[in-house]
Amino acid sequence: MHIYDSVQKAKREFVSQEEGKVSLYVCGPTVYDDAHLGHAKSALVFDLLARVLSANGYEVTYARNITDIDDKIIKKAAEANKSIKEITDFYTDAYHFEMAKLGVARPNIEPKATESLEAMFELIQKLLDSSHAYKTDSGDIYFDTSSDSDYLKLSHRVQDENEKLQRVESSSEKKNSADFALWKSVHDESVSFDSPFGKGRPGWHIECSAMIEKHLAKKEARFAVDIHGGGADLLFPHHENEAAQTRCATNHTLANYWIHNGFVNIDGEKMSKSLGNSFFLRDALKVYDGEVLRFYLLGTHYRANFNFNEEDLLNSKKRLDKIYRLKKRLFGLTHENQKTAFGDELLKTLSDDLNISASLALIDEMISVANEKLDSDAKAKEFKKETLSNLAYIEKVLGFGVKNPYEYFQQGVDEETKAKINSLILQRSEAKKAKDFATSDAIRDEILTYGINIMDTAQGTLWEKI
RNA sequence: GGUGCCAUCGCCAAGUGGUAAGGCCGCAGCCUGCAAAGCUGCUAUCCCCAGUUCAAAUCUGGGUGGCACCUCCA
């Protein structure tokens, strides 16, 4: 398979370090607030990547961290008059709940910063020992960026000399303006952890490096992980700094491949809290089905910036509906999952840097051919089995069409309304039998007022929520 | 200011040198008591200018217009 490496800025053939095995690390959320659509996009992209790697025969070890030590968390806890743990547990649970709704599988490992402090101490100590880090008079520990000749090579950044001088003069005890904190000492009663360096809190970047060393890295390997991913904004400074720490503290490079997903904007504007509640996933999920959101958010290539708007989402849903309608036509038939030509083609397009558009085009073509065949040859036993295998493959690799098709089309309709609709459909059938079309059409119009579309099929009259 | 990305049909969106995928919407037809669903057919020369080439949406240069990052951020 091929993936675009955002550091080398080129599509590269993917070759794992260890035959048949892949390690994937993705920067997860800082749990101090509700997840927004951007978190969803990132989680979905890497969920898809993990599925495609698996489908290619790799045994995937996927780690996505939970950042549960952060100044923003402390601030939130203070504001809400709650403990740190109450805050982080609450938002971690919410994150898991919402991701499950989107069909995002749980990673194999979900390391937390609070559980990885020892690994951080170890890395910081190594950096101090090798003079890549220094301790200031006040007890803070900084990474010395001037000690790393490869610093800024990951993000292809050029340090501005003027800016450099200005910053050093204006700030603190840092040797270089670009130096970043590994350990921030705490001298008062605010939240802190005991460490060999005194009371304090870790810097953000060291958390990820430490978690990778602890959970994924093999000491003798050239790269700590095969693939490192995250949002496009993380390349600098977060990933640059992570890479520098790992490079200087260990004998390996942080990652062989870097993947960064594009940003989500709302109606053409960058997401911000002032724009309103469609920003949060929990609010989006009140209005839209999780799988519809999954299909919509994954429908555009992962590296492109994504512009979220309701009209596009509803158009996108129509495409997902087609998968479910075909599923409905074949509902209840048993089959064994078989390898199909369609499946091979689908995996091929997805393996080309997750070319989702080409994949969706293949799916549409498959659906169209299947409907045509089923229209002309209602029996076609073997063909049906093959089609079911195709659908099952789409479910497995893309996570589309995972629900019961009848329930999919009836979501958001309460039991009372369902009963009413079924009763009206019965009445309409009677009228139709009696060739009383005026009545049957009137009933259809009435059903429509509930936002329900009905269709007469070989399997009887079926209905869908519009 | 620095660095980088992008610009394809009304909308969404593939396609990195060989003569424009797919979806939505629209129009016509088949099917249907009529619909809906499904199926079939029809609809773009790729922001502008110049260049390289037998050949460019795809490469180069120059414009124009969006966007991102520059130490909080998926």
Side-chain angles (χ1 to χ4, degrees), chain A residues 6 9 11 26-30 32-33 35-46 64 70-72 75 145 152 155-160 162-163 167 177-181 203-205 229-238 240-241 260-265 268-272 296 299-301 303-307 309 311-322 325-326 328-329 349 352 355-365 367-376 432 435-438 440-441 444-445 448 452-458 461-464 466:
Chain A
S6 46
K9 294 181 187 294
K11 207 185 267 188
V26 175
C27 293
T30 300
Y32 73 101
D33 204 348
H36 53 61
L37 293 172
H39 292 107
K41 171 85 180 175
S42 180
L44 283 165
V45 164
F46 292 103
R64 185 186 60 207
D70 188 276
D71 290 356
K72 291 191 287 290
K75 189 167 168 244
T145 51
L152 295 184
S155 57
H156 305 285
R157 207 159 282 267
V158 186
Q159 184 81 37
D160 184 309
N162 293 326
E163 183 193 10
R167 295 272 185 119
S177 65
D179 293 356
F180 51 92
W204 174 38
H205 314 300
D233 57 327
L234 260 30
L235 180 54
F236 186 83
H238 186 50
E240 184 73 59
N241 293 351
H260 291 95
N261 64 276
F263 259 50
V264 178
N265 296 326
E269 293 184 66
K270 183 172 170 147
M271 272 198 283
S272 71
Y296 176 49
T300 298
H301 188 80
R303 264 187 286 120
N305 281 332
F306 189 94
N307 187 32
N309 73 73
E311 192 188 339
D312 291 348
L313 183 144
L314 295 175
N315 283 342
S316 154
K317 177 181 181 295
K318 290 181 186 173
R319 215 171 179 179
L320 179 60
D321 288 349
K322 286 158 63 144
R325 289 209 186 93
L326 179 58
K328 206 153 69 167
R329 283 188 91 163
T349 56
D352 180 15
N355 189 337
I356 192 72
S357 287
S359 306
L360 291 178
L362 279 175
I363 291 172
D364 288 326
E365 173 71 13
I367 292 173
S368 180
V369 168
N371 277 321
E372 192 182 6
K373 176 75 177 169
L374 293 171
D375 281 348
S376 64
K432 275 182 64 177
K435 305 258 187 235
D436 180 1
F437 296 124
S440 75
D441 288 353
R444 183 168 62 203
D445 288 343
L448 202 58
I452 302 297
N453 210 7
I454 61 171
M455 42 206 73
D456 297 325
T457 74
T461 299
L462 303 179
W463 62 270
E464 294 179 0
I466 297 167

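This structure is a prediction, so every number in the text was calculated from the model and none was measured. Letters go in sequence order (proteins before strands), and every chain restarts at 1.
- Using a 4.5 Å heavy-atom cutoff, the side chains of A:L326 and A:L374 are in contact.
- Taking the P atoms as reference points, B:C72 lies 37 Å from B:C47, given to the whole Å.
- Residues passing the side-chain contact (heavy atoms from CB on, under 4.5 Å) test with A:S368: none are found, sequence neighbours excluded.
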Query raised in the report: Can you give one letter per nucleotide of nucleotides 25-38 of chain B, going 5' to 3': B for a protein heavy atom under 4.0 Å from the base, S for sugar-phosphate only, - for none?
Result: S-------BBBBSS
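- Using a 4.0 Å heavy-atom criterion, one finds that A:V264 contacts the bases of the nucleic acid, with or without backbone contacts as well.
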Report summary line: Nucleotide by nucleotide, nucleotides 15-22 of chain B touches protein heavy atoms under 4.0 Å in the pattern (B base, S sugar-phosphate only, - none) S-----BB
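- For A:N307, the side-chain contact (heavy atoms from CB on, under 4.5 Å) partners are A:N265, A:N309, not counting sequence neighbours.
- The residue A:G231 sits close only to the backbone: its heavy atoms come under 4.0 Å of sugar-phosphate atoms, none of a base.
- On the C1' atoms, B:A13 is 11 Å away from B:C9, given to the nearest whole Å.
- In this structure A:S316 satisfies the side chain to side chain donor-acceptor pair (under 3.5 Å) test with no other residue, sequence neighbours excluded.
- Contacts of A:H301 classified as side-chain contact (heavy atoms from CB on, under 4.5 Å), with partners at least two apart in sequence or in another chain: A:R303, A:D353.
- Residues satisfying the side chain to side chain donor-acceptor pair (under 3.5 Å) criterion with A:N371, sequence neighbours excluded, are A:R329.
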Short N/O separations, protein against nucleotides 64-66 of chain B, under 3.5 angstrom:
none

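- Here A:S357 pairs with nothing under the side chain to side chain donor-acceptor pair (under 3.5 Å) rule; sequence neighbours left out.
- Partners of A:N305 according to the side chain to side chain donor-acceptor pair (under 3.5 Å) rule, which considers only residues two or more places apart in sequence or in another chain, do not exist here.
- Taking atom C1' on both B:A50 and B:C25, the two are 38 Å apart, rounded to the nearest angstrom.
- Taking atom C1' on both B:C48 and B:U64, the two are 7 Å apart, rounded to the nearest angstrom.
- Nearest nucleotide to the A:D312 side chain, out of B:A74, B:U71, B:C12: B:C12.
- As judged by a 4.0 angstrom heavy-atom cut-off over every strand, A:K41 is placed among residues making no nucleic acid contact.
- Residue A:T300 places its side chain closer to B:A14 than to any other of B:A74, B:C67, B:A14.
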Restricting to nitrogen or oxygen on both sides, can you table the protein-nucleotides 41-46 of chain B pairs closer than 3.5 Å?
none

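- A residue-by-residue look at A:K9 and A:A232 shows that A:K9 has its nearest nucleotide of RNA chain B further toward the 5' end.
- For A:D441, the side-chain contact (heavy atoms from CB on, under 4.5 Å) test picks out A:R444, with sequence neighbours left out.
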